[in-house]
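Just below is one structure, and these are the notes that go with it.
Source: prediction; values computed, not measured.
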Amino acid sequence: MLPIKDDNPTTITPWVTYGLIAINVAVFLVTVSLSPQGNTLATLQYGAIPAVLFGHADLPPQLAVFPPGYEFLTIFSSMFMHGGWMHIGGNMLYLWVFGNNVEDAMGHFRFLIFYLLCGVAAALGHGLLDTQSQVPMIGASGALAGVLGAYFLLYPKARILVWFFWVFIFYVPAVFVLGFWFVTQVFNFSSGAGGGIAWVAHIAGFIAGVALIPLFKHRNVPLWHDGSHAPGLWRVSPRPSGPQGTRRQHIKLTDIKYRRPTLGCCLRGRTCGKTCPNEAQPHWPVGQGTRTG
């Protein structure tokens with residue numbers, strides 16, 4: 001079940017998501033242009049090796065690119081390396097589909113820190129499984145798994161267009177797509193499938209994303225949202241004729257002009273009439289028409 005796109009609009013330009021994709025692709029193009037020996041050398045130098053991270057082994061001086069005591073930096077360098085076209089293609093597709101909405105929910109800087117922390121949790125989770133392992137781990141899958149975990153809690157009802165068994169294309173709620181993905185990782189790890197894949201890194205990253213998203217999201221962004229801008233706003237306008245007085249008219253959010261719509265709780269269906277500290281304009285008071293910001 002391969003996600004193609006989601007039906008979940010954003011209100012900011014996800015520059016960090018774009019930047020992460022660009023850096024990953026650029027690093028991959030550099031490494032893939034190396035000779036097989038050079039590619040292996042780069043993986044040893046910049047990959048996250050559990051035995052090195054936990055102090056059970058050291059790289060030979062001619063291979064070490066980070067000074068003694070800073071071997072932990074390979075956790076971050078390994079996040080931007082990939083082992084093949086399918087590896088980077090799948091990771092960047094998932095980041096393209098799900099990253100923009102998670103960035104929208106917390107802002108650019110918070111999203112970058114969140115992404116890196118999930119990658120750290122994934123690397124440590126993988127390393128703790130065997131602290132003596134001298135096999136380097138590379139890939140953005142762990143950090144990406146954290147993004148999926150965050151999306152799982154933020155927008156479980158959002159509609160995801162998936163390609164199923166390479167034949168059928170249809171929309172599925174995100175809770176099923178991401179829940180199926182997580183269960184697959186757990187099953188593959190427990191069954192020993194794909195010995196060259198760090199399943200525990202995926203699992204740890206996803207759990208880290210679920211745990212961290214309540215701390216990183218903006219306070220007025222709810223969990224378990226349906227993926228739409230808001231349930232809808234209502235205004236009261238005079239009825240053209242007849243004794244019944246007034247009527248309710250639904251306002252589409254596409255007809256509303258506003259500033260910085262990401263953070264205003266008016267976009268989550270509230271009409272409190274108060275001023276949001278993150279908005280240049282006040283919230284929508286009950287009974288008033290539209291305003292231009």
Classify the angle between the aromatic ring planes of F114 and F111 as parallel (below 30°), tilted (30 to 60°) or perpendicular (above 60°).
-> parallel
Indicate the ring-plane relationship of F28 and W85, choosing parallel, tilted or perpendicular according to the 30° and 60° boundaries.
-> perpendicular
Report yes or no: does N101 contribute a side-chain atom to a donor-acceptor pair with the main-chain N or O of N8 at less than 3.5 Å?
-> yes
Any donor-acceptor pair under 3.5 Å linking the side chain of E103 with the backbone of T17?
-> yes
Given the side-chain rings of Y18 and W96, with only the six-membered ring counted for Trp, is the space between their centroids under 6.0 Å?
-> yes
In terms of heavy-atom contacts, does [atom1] of [X] have more than 12 from other residues, nucleotides or ligands at under 6.0 Å?
{"X": "Y94", "atom1": "OH", "value": "yes"}
{"X": "F170", "atom1": "CZ", "value": "yes"}
{"X": "F180", "atom1": "CZ", "value": "no"}

Do I88 and V25 come within less than 4.5 Å of each other through their side chains, counting heavy atoms only?
-> yes
Indicate the atoms forming the closest heavy-atom contact of I49 with L44, along with that distance.
-> CD1-O, 3.7 Å
Do N100 and T10 have side-chain N/O donor and acceptor atoms under 3.5 Å apart?
-> no
Do we see a donor-acceptor contact under 3.5 Å between the side chains of Y151 and D6?
-> yes
So how far is it from L93 CG to I4 CD1, rounded to the nearest 0.5 Å?
-> 8.5 Å
